[in-house]
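Worth knowing before you read on, the calculation uses all heavy atoms, side chains too, and leaves out hydrogens, waters and symmetry mates. Below, chain A is the first sequence line, B the second, and so on; all start at residue 1.
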2 protein chains.
Amino acid sequence: MARKHNPADPPPTISDATLRGFSGYVMKRAFNAIQADVNASLAPLDLRMLTFSALSVIVDNPGLRQSQLADALSIERPNLVIVVDELERRDLILRNPAPGDRRAYALQATLKGMRLYTKALGAVQAHEARMTKGLSEDERQALIAMLSRIET
Amino acid sequence: MARKHNPADPPPTISDATLRGFSGYVMKRAFNAIQADVNASLAPLDLRMLTFSALSVIVDNPGLRQSQLADALSIERPNLVIVVDELERRDLILRNPAPGDRRAYALQATLKGMRLYTKALGAVQAHEARMTKGLSEDERQALIAMLSRIET
DNA sequence: AATAATAGTTATTAATAATAACTAATATGC
DNA sequence: GCATATTAGTTATTATTAATAACTATTATT
């Protein structure tokens with residue numbers, strides 16, 4: 001039998017067992033830990049998860065439009081503007097005029113952007129290894145596959 | 001061979017394959033979807049993920065201190081204050097004086113709080129089922145177990 | 001040519017998270 | 001018992017992210 005603690009005292013241990021049955025709760029906790037760690041990993045390069053993600057997609061898809069980038073990252077176009085502003089201001093990317101459409105930009109990483117991205121990628125890979133060291137590689141892949149199936 | 005699109009045109013498809021190899025990226029996407037859905041599910045009850053989580057731990061651990069709640073939820077104490085303020089203002093919980101420590105409060109759900117919590121729990125269970133309908137129950141459990149191993 | 005749709009932007013709001021500094025009260029070391 | 005350190009809760013501040021409405025300029029549609 002579980003011995004009841006004196007109700008005049010605070011409970012000696014706190015249970016969040018109910019919440020732990022929900023993937024959203026454990027995911028929030030895991031994501032907060034990951035976000036903090038990746039941001040700390042990228043801070044020496046003056047990048048954050050969001051700016052790194054944007055830079056990555058730009059490096060891998062030269063010439064893409066801002067709206068394509070927003071779609072790819074699942075963020076709203078208005079929120080992407082300041083991200084692209086920041087990357088452009090630091091000369092990591094170029095907003096080239098899109099040939100044939102004067103409304104749009106063709107985004108492209110600069111040499112400086114590609115070099116920084118290479119470093120950042122290494123930092124994020126080290127971060128990933130650190131955060132998932134409690135999982136086997138098969139488990140890590142399974143985790144990614146399951147998370148990919150949860151999106152909207 | 002992959003046919004190269006005309007470089008004067010925007011890339012016809014955008015790849016985020018590099019990022020998809022990182023658990024943090026897919027977790028962010030999944031969590032954003034979950035957060036939006038759970039908040040929409042709880043909106044009719046005027047709760048959010050955070051206020052629901054706090055209420056849940058208070059219901060399950062009557063008499064706990066604010067600092068215990070903050071620890072349990074892994075949020076900073078200053079950020080918990082307004083959450084508890086909100087629950088108290090709506091008469092969902094009580095900040096009882098902690099017997100024997102005049103600095104502290106013993107948190108307790110009111111009858112109104114417990115009734116709202118019961119409804120909210122049902123809404124969140126339906127949300128969970130909806131979000132994880134692409135996973136078997138074994139997979140869902142495995143996902144939760146792996147996410148639990150990622151925390152800090 | 002008129003109208004609708006698209007690309008990007010500005011502005012605004014809400015929510016969350018992190019930190020420093022404070023008050024009041026309790027615990028500790030001597 | 002007293003000086004000091006620690007703890008509980010709070011206030012204030014800042015940064016980041018996300019969501020939405022409304023706007024300009026341009027392109028596509030009818």
Proximity to the side chain of Lys28(A) - top-ranked nucleotide from dA8(D), dA17(C), dT20(D): dA17(C)
State whether Arg95(B) places a side-chain N or O below 4.0 Å from either non-bridging phosphate oxygen (OP1 or OP2) of dA8(D). no
Nearest-Å distance, CG (Asp71(B)) to C1' (dA8(D))? 12 Å
Atom-to-atom span, CZ of Arg48(B) to P of dA19(D) - whole angstrom: 15 Å
Atom-pair distance (OH on Tyr105(B); P on dA24(C)), nearest Å: 13 Å
Taking Arg90(B) for its side chain and Asp46(B) for its backbone only, find out whether a donor-acceptor pair lies under 3.5 Å. yes
Please determine, for the side chain of Val81(B), which listed nucleotide (dA11(C), dT11(D), dA8(D)) has the closest atom? dT11(D)
Indicate whether OP1 or OP2 belonging to dG9(D) is found under 4.0 Å from a side-chain N or O atom of Ser67(B). yes
Derivation of the side-chain hydrogen bond (donor to acceptor under 3.5 Å, both in side chains) call for Thr110(B) and Asp91(B): CA-CA 7 Å; Thr110(B) 62; Asp91(B) 299 315; over 6 Å; no
Between the side chains of Glu128(A) and Lys133(A), is the shortest nitrogen-to-carboxylate-oxygen separation below 4.0 Å, so that they form an ion pair? no
Identify which nucleotide among dA25(C), dT9(C), dT26(D) has an atom closest to any side-chain atom of Arg102(B), counting heavy atoms from C-beta outward. dA25(C)
Find the distance Leu73(B):CG to dA18(C):P and express it as a whole number of Å. 13 Å
For Leu50(A), answer base if it contacts any base atom (sugar-phosphate contacts may also be present), sugar-phosphate if it contacts only those atoms, and nothing otherwise; contact means non-hydrogen atoms under 4.0 Å. sugar-phosphate
Does the distance from a Lys or Arg side-chain N to an Asp or Glu carboxylate O, for Asp16(B) and Arg29(B), drop under 4.0 Å? yes
Reckon Asn39(B) touches a base, only the sugar-phosphate, or nothing at all at heavy-atom distances under 4.0 Å? nothing
Separation of dT10(D) atom P from Leu80(B) atom CG, nearest Å, is 8 Å
Glu76(B) has an atom CD; how far is it from atom P of dA8(D), in whole Å? 14 Å
From C-beta outward on Asn79(A), which listed nucleotide comes closest to its side chain: dA19(D), dA17(C), dT9(C)? dA19(D)
If hydrophobic clusters are built from ILVMFWY residues whose side chains come within less than 4.5 Å, do Ile14(A) and Leu94(B) share one? no
Could you tell me which nucleotide pairs with dT30(D) by Watson-Crick or G-U wobble geometry, both distances under 3.5 Å, or answer none if nothing does? dA1(C)
Return the value, rounded to whole Å, for the distance between atom CG of Leu42(B) and atom P of dA15(C). 13 Å
Quick one: which of dA12(D), dA17(C), dG9(D) gets closest to the side chain of Pro78(B)? dA12(D)
Does Met114(A) offer a backbone N or O that forms a donor-acceptor pair with the side chain of Thr118(A) under 3.5 Å? yes
Report the residue (Arg77(A) or Ala36(A)) whose heavy-atom-nearest nucleotide on DNA chain C is the more 5′ of the two. Arg77(A)
In whole angstroms, how far is the P atom of dA18(D) from the CG atom of Asp37(B)? 17 Å
In terms of the nearest nucleotide of DNA chain D, which residue is placed more toward the 5' end: Asp101(A) or Ile75(A)? Ile75(A)
Nearest to the side chain of Arg103(A), heavy atoms from C-beta on, is which of dA5(C), dA18(C), dT10(D)? dA5(C)
Taking the side chain of Gln66(B) as its heavy atoms from C-beta onward, which of dT19(C), dT9(C), dG9(D) lies nearest to it? dG9(D)
